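Keep in mind that what you see is a predicted model, and the values were worked out from it rather than measured. Chain naming here is simple, since letters A, B, ... match the order of the sequence lines and numbering starts at 1 in each.
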Amino acid sequence: MPELLEVEFYRQLALGVLGRTVTGVSVPDKKVLVPPLTVTGLRRALVGRQFTSARRHGKLLLLESGPLADWGDAPAGPILGIRFGMTGELVVDDRSAVDRLLYSPGRYGPQWVRCRIELSGGRLELHDPRRFGRIALDPDESVLGPDAATVSPAELRGALAARTGGGPPLKARLQDQARLAGLGNLLCDEILWRAGLSPWRPSGSLTGPELRRLHRHLRATVSDLLVRGGSHLGDLMPERGAGGHCPRDGTALVRSTVGGRTTWWCPSHQV
DNA sequence: CCGGATGTTCACCT
DNA sequence: GAGGTGAACATCCG
């Protein structure tokens, strides 16, 4: 997916639908709806309302809807929650937010539109070739940890704290959305590479200075790659593959599986 | 044809 | 209970 950075771009794109009225809903792929949500349920929930805000929590995009009428006491509508899975992309009025994804635009297929919300003057669509994306109403945000883009040093320390032993590998814990929301596979590799920390370090084994260093690089990497335009534009990314070398010291990168995900790291300076 | 892919979840071990 | 592993999901791409 779409990690935190891409979802943030989607959020910015979604700002363009605020204040416009939902006129219809179609769901070419029913699988995207999280049970018990149905097409008619989604339609009844949204048609006639306007989206009032676009928020993001980790990799979850949240579109809040307003009341059906402009009466002062009419209740606000539900929150539309969108998860993008591995290949999901938001398209608003036929515009996408990200230049390059794995299955990227330029290769748009109408067959990949999994959900479409018609709005006055246009539409909001979820494109998703691989069909891991999901849409829910009023998603439970309480299951998510603090957002990685704004996490404080104390919150990061808490997220990495181990209850038993040294804890799981650092990278596995950084990707645990219940502890810290928003980091995915690529961002974690880039952050750990910049911070000079091995993905295998037990998450609870970091010293005070190492925690501060990780926090600094985490925040800096997120803002840096937000400017660059995506998770795939990190310094490590071009070397992240067979035969790749560390851009910092030239050491051959090592491929491991950490927390179930392919991990590329420098055995020389990531300790 | 095969392996792998920016993710989540569940079953099954230890 | 915590944590690890592997598989499943589904589809496309190199």
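- Annotation: dG3(B) and dG6(C) have their P atoms spaced 16 Å apart (nearest Å).
- With a cut-off of 3.5 Å on both pairing distances, dT6(B) has no Watson-Crick or G-U wobble partner at all.
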Inset, instruction - Please test L192(A) against T263(A) for side chain to side chain contact (heavy atoms under 4.5 Å, CB included), starting from the C-alpha separation and ending with a verdict. - result: CA-CA 10 Å; L192(A) 291 174; T263(A) 300; over 6 Å; no
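- Protein atom CG of L183(A) is 12 Å distant from nucleotide atom C1' of dT6(B), rounded to whole Å.
- Of the candidate nucleotides dC12(C), dG3(C), dG4(C), dG3(C) has the atom nearest to the side chain of R173(A).
- Rounding to whole angstrom units, CD of residue Q177(A) and P of dG7(B) are separated by 8 Å.
- For dC12(C), the OP1/OP2 oxygens have a side-chain nitrogen or oxygen of W112(A) closer than 4.0 Å.
- Comparing dT8(B), dG4(C), dT6(B) against the side chain of P168(A) picks out dG4(C) as the nearest.
- Between dC9(C) and K31(A), no contact under 4.0 Å exists linking OP1 or OP2 to a side-chain N or O.
- Distance check: F84(A) CZ to R114(A) CZ gives 14.0 Å after rounding to the nearest 0.5 Å.
- Separating the CH2 atom of W264(A) from the C1' atom of dT6(B) is a distance of 16 Å, rounded to the nearest angstrom.
- When side chains are defined from C-beta on, R248(A) does not count as touching C266(A), because their heavy atoms never get closer than 4.5 Å.
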Inset, instruction - Apply the test side chain to side chain contact (heavy atoms under 4.5 Å, CB included) to residues L60(A) and V7(A): give CA-CA distance (whole Å), side-chain angles for both, the deciding distance (0.1 Å), then the verdict. - result: CA-CA 7 Å; L60(A) 176 67; V7(A) 180; over 6 Å; no
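- With distances taken from any side-chain atom of F132(A) to the nucleotides dC9(C), dG3(C), dT6(B), the minimum falls on dC9(C).
- Remark: dA10(C) base-pairs with no nucleotide in the shown strands. Criterion, Watson-Crick or G-U wobble with two distances under 3.5 Å.
- As rounded to whole Å, 14 Å separates atom P of dC12(C) from atom NE2 of H127(A).
- Side-chain nitrogen and oxygen atoms of K59(A) include at least one within less than 4.0 Å of the OP1 or OP2 phosphate oxygen of dG7(B).
- For T262(A) and dA5(B), the shortest distance from a side-chain N or O to OP1 or OP2 is below 4.0 Å.
- Neither OP1 nor OP2 of dC12(C) sits under 4.0 Å from any side-chain N or O of R130(A).
- For the pair F84(A) and dG7(B), the ring geometry does not qualify as stacking, because the centroid separation below 5.5 Å and plane angle under 30° are not jointly satisfied.
- Toward the 5' end of DNA chain B, the nearer of the two residues R255(A) and R261(A), judged by each one's closest nucleotide, is R255(A).
- Rounded to an integer number of Å, the gap from CG of L144(A) to P of dT9(B) is 9 Å.
- Between E190(A) and D235(A) the shortest side-chain heavy-atom distance falls below 4.5 Å.
- Taking all atoms of both residues into account, the shortest heavy-atom contact from L187(A) to E3(A) is CB-OE1, 3.0 Å.
- In this structure, the CG atom of D176(A) is 13 Å from the P atom of dG7(B), given to the nearest Å.
- At whole-Å resolution of the value, NZ in K171(A) and P in dG3(C) are 18 Å apart.
- For R83(A), the side-chain atoms get nearest to dT8(B) when compared with the rest of dT8(B), dC13(C), dG7(B).
- For L5(A) and dG7(B), the CG to P distance is 11 Å, given to the nearest whole Å.
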